[in-house]
Number of protein chains: 2
Amino acid sequence: MKTRQVTIKDIARQLDISPATVSRALKDHPDISKHTKKAVIELANSLNYQPNSIALSLRSQKTFTIGVIVPEIIHFFFSSAISGVEATAYKAGYNVVICQSNESYEREVANVNTLLNNRVDGILISVSKNTTDFSHLKKVVNMGVPLVFFDRICNEIDAHKVIVEDKKGAYNAVKHLIDQGYKHIAHLSGPESLQISRLRKDGYLDALKDNGIAHDPRLLLQADNRMSGYQNMKKLLQLEQRPDAVFTVNDNVAIGAIKAIKEAGLKIPQDVAVIGFSDDQKITSLVEPHLSSVAQPAFQIGQTAGELFLKQITNSDSDSFEEVVLDTELIIRGSTDSAKL
Amino acid sequence: MKTRQVTIKDIARQLDISPATVSRALKDHPDISKHTKKAVIELANSLNYQPNSIALSLRSQKTFTIGVIVPEIIHFFFSSAISGVEATAYKAGYNVVICQSNESYEREVANVNTLLNNRVDGILISVSKNTTDFSHLKKVVNMGVPLVFFDRICNEIDAHKVIVEDKKGAYNAVKHLIDQGYKHIAHLSGPESLQISRLRKDGYLDALKDNGIAHDPRLLLQADNRMSGYQNMKKLLQLEQRPDAVFTVNDNVAIGAIKAIKEAGLKIPQDVAVIGFSDDQKITSLVEPHLSSVAQPAFQIGQTAGELFLKQITNSDSDSFEEVVLDTELIIRGSTDSAKL
DNA sequence: AAAATTTATGCAAACGGTTGCGAATACGGT
DNA sequence: ACCGTATTCGCAACCGTTTGCATAAATTTT
């Protein structure tokens, strides 16, 4: 019953020719006679011959596989980005293997090592928030394996990068709050280790400054998930001068903040407005009121990362790297605009 | 700068011994002298030697990789299940490659083929809802590649399976609605092609029957995403005798139904109760009121699937297969119980 | 008819590692 | 001094495929 995978040698044996001839016949090499080619191809089809990718990889030193490392696939942003990578990869004949770092530095290092041991042709990564040492990624570069950063990039390493206008997106979000008449705008920012956190915070600060609002450090706390968003929003609401709006580093923090605001008996957006970042479509239209957010083109980010990888392998001598910066879009919903309730 | 990966041959050349000796030294083979071992291991470490998995796979005919095919990683259930698979796989020294079928039969077939060409040691799959022909999976079995189904299984194929008590879970959900006093209970069921849909529907029907409620076919419609859940709930609400409760095949359909109910100006759960299936934690506690649901142990399902795979490879002569059935848990929230609002 | 060229195929090495078997050396026992 | 036995290592084959080169036969050129 067990039908072992048929190899080129099986075909060769059955036709009483050499494996070399079979190999050439299958790829339509001009040296091989029409007659032989026909016989080989027919037998290959009838036996359902499938080339052994392992052997191919060993021989060609190429696996036609690219590794993608993300913190967690459960997040809408990352799974969309992965789908984007897959789209370009499949088109170019590449496979994609997905690794989750679970926001753990050690796991990320382990991921990199397995990908390297499996000789992937390239690595696309969005780094864990707990990664501060980048030697595992420098090793990737040193080994000549193409490396592309997306979203959560590392500035210490020269490589292709795909990011969004984090600062501008954040600026627009806060500007929108100001335009809506909010005066005491808080920010729940992400871990300082991530450039995206720093940039979004900078956008927040710039928007305040440009609009003549003094920055109150008490309105700036850190949070990077629902729980901490909830807890720190609670703290913000206990200030003698509580904020009347909050911009959060991502949508999950915003969800936590909304919970805290509702529990405090305050109305959104009348008493406190909330705006997130990323526009996780699984949740922004679910919470009441619908959450305003800064949409990132996640799929396109993945696509672009894939394209940069392809560019690097076709143009491997070039040592200049691109930093592609994509635009964000401000999505206004009920959480910041009562007209949209 | 480019540090090509160092091979066993490099080490052999530097120490002026044969590759065979290096290989044996590295795996502490008793034939090799302490002195040689020490030299080899030290050099290997200093050169940061990493065995080439490709070569290993070719030689041993094992890749230590298992392929997992799911419809879409974006869903909480599937990403949790994947994490479960990874947990057991990593512990046993296996890698996991994830494929998305995107609920497309063609893509699923393509996924199976790439996995086979890459000679994975096993395939774990939750089939697409558009898969009605299973020859691609029969091929997997015929080739002697261990196959494990989880959640969305196929009855035509003899293989290990991991499922939950879908019927019982559905029964309990509907029983709960009945206990809460609801009389006209609708069901938005999934595609008939999936056994889980059929079982959940059966559980619904059984619960009605066992409690002396006549089944009204007008209260049974199909829906498998937010949009269709919304649309078909709307239809249900237009019936002259509208339902006062609805049990949906999954949480996203429930979300759509909730939207329709709210738009109709009806109160949840006073006018209409809603209960979903799966307990997608990203959303059940987000929607207002919080959604009751039948929780599936997604992580454990993945873990178990991984364990069944391991069992099959260590015990490859056995041709008896297990069907592991895990329990569900009824999670009662505000959408079915006003006491929980 | 001899030489040159084309046509069609096979040999063997290579990719990187493993492993059965044989061989060389050293050592102990008689 | 001789034999048996460890000890330590290398040779070569193998996994499946590709490819430079050689080779043989067939064909063309001179």
Side-chain angles (χ1 to χ4, degrees), chain A residues 3-41 43-44 47-65 93 114 116-121 143-144, chain B residues 3-41 43-44 47-65 93 116-121 143-145:
Chain A
T3 345
R4 196 180 47 85
Q5 281 276 42
V6 13
T7 75
I8 256 182
K9 294 186 188 179
D10 297 326
I11 299 178
R13 210 174 305 120
Q14 287 198 35
L15 295 176
D16 203 29
I17 56 182
S18 80
T21 304
V22 176
S23 171
R24 292 191 175 98
L26 287 172
K27 36 192 35 166
D28 206 26
H29 192 287
D31 273 6
I32 306 300
S33 72
K34 278 204 157 53
H35 178 258
T36 308
K37 275 183 191 165
K38 184 158 171 285
V40 168
I41 290 170
L43 185 57
L47 295 180
N48 192 25
Y49 166 75
Q50 294 293 119
N52 183 321
S53 319
I54 309 274
L56 243 40
S57 297
L58 181 61
R59 174 69 224 231
S60 66
Q61 303 287 71
K62 299 190 59 181
T63 53
F64 282 99
T65 299
T114 17
L116 290 178
N117 289 351
N118 285 289
R119 303 303 194 266
V120 293
D121 292 343
M143 287 179 42
Chain B
T3 346
R4 195 180 48 81
Q5 282 277 45
V6 13
T7 75
I8 252 180
K9 295 186 186 179
D10 297 325
I11 298 178
R13 210 175 305 119
Q14 287 199 37
L15 295 177
D16 203 31
I17 55 180
S18 80
T21 304
V22 176
S23 171
R24 292 192 175 99
L26 288 173
K27 37 190 36 166
D28 207 26
H29 191 286
D31 272 7
I32 307 299
S33 72
K34 278 206 157 58
H35 179 258
T36 309
K37 275 182 192 166
K38 185 158 172 286
V40 168
I41 290 170
L43 185 56
L47 295 179
N48 192 23
Y49 165 77
Q50 295 292 118
N52 183 322
S53 322
I54 309 274
L56 244 37
S57 298
L58 182 61
R59 172 69 221 231
S60 66
Q61 304 287 69
K62 300 191 58 181
T63 54
F64 284 99
T65 299
L116 289 178
N117 289 352
N118 284 290
R119 303 302 193 268
V120 292
D121 293 343
M143 286 178 42
V145 175

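Note that the structure is predicted; figures quoted are calculated from it, not measured. Proteins get letters first, then strands, A, B, ... in listed order; numbering begins at 1 in each.
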Could you tell me how far apart [X] ([atom1]) and [N] ([atom2]) are, to the nearest whole angstrom?
| X | N | atom1 | atom2 | answer |
| --- | --- | --- | --- | --- |
| L58(B) | dT19(C) | CG | C1' | 15 Å |
| D10(A) | dC14(D) | CG | P | 15 Å |
| H29(B) | dG17(C) | NE2 | P | 17 Å |
| I32(B) | dA6(D) | CD1 | P | 18 Å |
| L15(A) | dT9(C) | CG | P | 11 Å |

Does [X] have a side-chain nitrogen or oxygen under 4.0 Å from the phosphate oxygens OP1 or OP2 of [N]?
| X | N | answer |
| --- | --- | --- |
| S23(B) | dT18(C) | yes |
| K37(A) | dA8(C) | no |
| S33(B) | dC9(D) | yes |
| S18(A) | dC11(C) | no |
| T36(A) | dT9(C) | yes |
| Q61(A) | dA14(C) | no |

When you get a sec, tell me which of dC11(D), dT17(D), dG16(D) is the closest nucleotide to the side chain of R24(B)?
-> dC11(D)
Hey, does the side chain of R59(B) reach the backbone of S57(B) with a donor-acceptor pair shorter than 3.5 angstrom?
-> no
Quiz item: R13(B) side-chain donor-acceptor pair to dG16(C) base, under 3.5 Å | no
Check if the side chain of R119(B) and the base of dG16(D) share a donor-acceptor pair of N or O atoms closer than 3.5 Å.
-> no
Of P19(B) and R59(B), whose nearest nucleotide on DNA chain D comes first from the 5' end?
-> P19(B)
Could you say whether D31(B) or A55(B) is positioned toward the 5' end of DNA chain D, judged by the nucleotide with the nearest heavy atom to each?
-> D31(B)
Residue pair T65(A) / N118(A), side-chain heavy-atom distance below 4.5 Å = no
So what does [X] hit on the nucleic acid, given a heavy-atom distance under 4.0 Å: a base, only sugar-phosphate, or nothing?
| X | answer |
| --- | --- |
| K27(A) | sugar-phosphate |
| N52(B) | sugar-phosphate |
| I17(A) | sugar-phosphate |

Contact nearer the 5' end of DNA chain C, comparing A20(A) with Y49(B) = A20(A)
